[in-house]
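A quick write-up on the structure given underneath.
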There are 2 protein chains.
Amino acid sequence: MATTGQATGGRGDARLSEKGIYTAALRLIDADGVGALSMRKLAAVLGVNPMSLYHHVPNKAALLRGVKNLVAAQFQPQVDGGTWQEQLYRFASDFRALAHRHPNLIVHSLASPDFIEPEDPFWTGLTGVLTSAGVPATEVAPVGAVLTSLFSGFLLAEMNGTLGRLAAMQPAPGRAGSGAASGADADGNGSFELAVQTLIAGLEAHLPPATAR
Amino acid sequence: MATTGQATGGRGDARLSEKGIYTAALRLIDADGVGALSMRKLAAVLGVNPMSLYHHVPNKAALLRGVKNLVAAQFQPQVDGGTWQEQLYRFASDFRALAHRHPNLIVHSLASPDFIEPEDPFWTGLTGVLTSAGVPATEVAPVGAVLTSLFSGFLLAEMNGTLGRLAAMQPAPGRAGSGAASGADADGNGSFELAVQTLIAGLEAHLPPATAR
DNA sequence: ACCTGAACACCGTTCAAGT
DNA sequence: ACCTGAACACCGTTCAAGT
């Protein structure tokens with residue numbers, strides 16, 4: 001017991017692999033946030049000299065990108081049956097479930113410029129839904145970009161606590177924040193419903209009138 | 001010429017004030033981003049020993065909060081005439097204009113948990129618009145929270161370049177990204193319109209049917 | 001009261017040396 | 001090929017000392 005992190009055997013035998021580094025880093029991020037991840041701490045957890053990491057990962061930015069890709073690969077959205085509205089709802093639900101699994105990583109990734117890449121199942125899935133909704137081919141990317149940015153903001157605010165804090169604010173300066181009064185939206189599910197219904201309503205309004213199907 | 005930053009006189013005479021520190025920090029952030037701001041660099045720009053800053057600001061987190069409040073105070077939304085839809089549109093436009101003035105700071109602030117505070121003109125302005133739209137008093141805060149999170153995501157993605165990058169993606173893997181093809185939305189104004197219309201449509205759908213006025 | 005130098009406990013990363 | 005120790009150029013922050 002009290003082993004040096006995930007080291008399979010003793011200490012000093014360094015079995016370093018790119019994927020092993022990423023998963024160890026992800027565990028640190030899940031536990032303490034991206035801010036608490038350092039090359040030196042990661043090396044300590046792996047029972048290895050800090051410099052050894054640089055033989056498998058060029059630098060810290062690449063490390064974070066690798067971790068991000070590790071969890072991005074887990075995202076396999078199920079968008080099949082139903083109307084495009086139902087598909088979009090399921091798509092958003094799946095993404096939100098992934099975010100809840102690794103909130104610290106998601107908070108960091110959503111705020112950084114290169115979170116979504118063209119090959120990500122996220123982007124291919126979303127463009128598929130938009131196409132089936134009747135969005136013209138030339139508009140799929142710009143419309144998808146706007147919907148992505150809006151929904152990312154929702155997830156970011158939910159993960160870092162901003163959403164809950166704002167939702168609990170009292171409009172009048174009368175009695176100061178008494179917390180969750182009227183059986184409010186403690187788990188954020190109501191906020192999620194409203195956010196997704198907003199995106200759907202916006203897309204419906206943007207589509208040519210006859211395409212409701 | 002070639003003075004030590006903004007030092008009014010020579011060097012060594014340290015005229016430090018809380019506001020002077022914040023404005024100097026804001027200039028550094030505007031120039032190089034929050035990541036490039038350090039207590040030591042800030043002190044160098046002010047022509048002062050790094051430790052002197054700690055007599056006016058408790059730590060770096062408080063420094064960033066002070067800078068944020070400095071620009072948050074600049075936000076004076078003009079929400080008067082017109083329908084609530086027009087008010088919401090103007091409100092979003094004003095906020096976006098502020099974000100364009102200090103993109104580096106906004107990117108950092110939108111991603112951090114304590115950007116918006118109850119007394120901020122941002123929150124009071126938004127809740128005012130929602131009330132005039134007919135949102136019941138108990139729903140103003142939760143609805144405002146969702147709209148804020150969605151719109152923050154749009155601004156964040158616009159500021160850090162994600163929006164433009166996604167919008168330029170080609171849906172089919174045919175010919176790789178040829179850049180702005182069909183006179184696209186280079187300045188993001190079209191994306192902004194779509195984002196705000198989406199928020200308005202979502203709010204309209206959420207309101208009780210007769211409240212369109 | 002305010003400023004400062006030295007110091008502590010960290011960072012990411014390079015490089016020459018080991019095996 | 002992979003690992004390592006020493007070193008460089010940074011951080012934020014504490015503390016005792018100066019004026």
Side-chain angles (χ1 to χ4, degrees), chain A residues 4-29 31-68 104-105 108-109 112 114, chain B residues 3-29 31-68 104-105 108 112 114:
Chain A
T4 327
Q6 70 159 5
T8 23
R11 173 217 67 265
D13 57 342
R15 59 190 99 274
L16 273 275
S17 76
E18 214 174 338
K19 184 164 179 190
I21 290 174
Y22 293 151
T23 60
L26 177 58
R27 197 151 37 210
L28 283 182
I29 291 171
D32 299 319
V34 175
L37 173 70
S38 75
M39 301 296 275
R40 293 167 124 109
K41 262 188 250 179
L42 177 58
V45 161
L46 289 168
V48 129
N49 186 288
M51 301 313 120
S52 305
L53 299 175
Y54 286 90
H55 289 275
H56 303 89
V57 165
N59 50 43
K60 193 182 181 180
L63 172 67
L64 285 170
R65 188 156 23 90
V67 176
K68 183 264 287 175
N104 291 337
L105 177 70
H108 174 267
S109 297
S112 69
D114 52 355
Chain B
T3 75
T4 328
Q6 69 161 4
T8 25
R11 172 217 67 262
D13 54 343
R15 60 190 97 277
L16 273 276
S17 77
E18 215 174 335
K19 184 164 178 189
I21 290 174
Y22 292 151
T23 59
L26 177 57
R27 198 151 37 212
L28 283 181
I29 290 171
D32 299 318
V34 175
L37 173 69
S38 76
M39 300 297 274
R40 294 168 125 107
K41 262 189 247 176
L42 176 58
V45 161
L46 289 167
V48 129
N49 185 288
M51 300 313 121
S52 306
L53 299 175
Y54 286 90
H55 289 274
H56 302 88
V57 165
N59 50 45
K60 193 180 181 182
L63 172 68
L64 286 171
R65 188 155 23 90
V67 176
K68 183 264 288 175
N104 290 339
L105 177 70
H108 173 267
S112 67
D114 53 354

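A, B, ... follow the sequence lines: proteins, then strands. Residue 1 opens every chain. These numbers were taken from a predicted model, which means no experiment stands behind them.
For B:Leu53, the side-chain contact (heavy atoms from CB on, under 4.5 Å) partners are B:Leu16, B:Ile21, B:Met39, B:Leu42, B:Ala43, B:Leu46, not counting sequence neighbours. Listed by chain and number, the residues in a side-chain contact (heavy atoms from CB on, under 4.5 Å) with B:Leu26 are B:Asp30, B:Val67, B:Leu70, B:Val71, B:His102, B:Leu105 (sequence neighbours excluded). Looking at residues two or more places apart in sequence or on another chain, you find a side-chain contact (heavy atoms from CB on, under 4.5 Å) between A:Asn49 and A:Met51, A:Ser52.
Of all heavy-atom pairs spanning A:Ile29 and A:Asn104, the tightest one is O-ND2, 2.8 Å. Nearest heavy atoms, B:Glu18 versus B:His56: CG-O, 3.8 Å.
Counting only residues at least two apart or on different chains, the side chain to side chain donor-acceptor pair (under 3.5 Å) pairs with a member in residues 58-68 of chain B are B:Lys68-B:Glu117.
Pairing analysis of DNA chain D (Watson-Crick: purine N1 to pyrimidine N3 plus N6-O4 or O6-N4; G-U wobble: N1-O2 and O6-N3; both under 3.5 Å) yields stems of 3 or more pairs at C:4-8 with D:12-16, C:12-16 with D:4-8.
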- In B/S/- notation, 5' to 3', how is nucleotides 6-16 of chain C contacted by protein heavy atoms closer than 4.0 Å? BB---BBBB--
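Within the model, atoms OG of A:Ser109 and CG of A:Leu64 stand 8.0 Å from one another, a figure rounded to the nearest 0.5 Å. How far CG of A:Asp32 is from NZ of A:Lys41: 7.0 Å, rounded to the nearest 0.5 Å.
Taking the C1' atoms as reference points, C:dA16 lies 15 Å from D:dC2, given to the whole Å.
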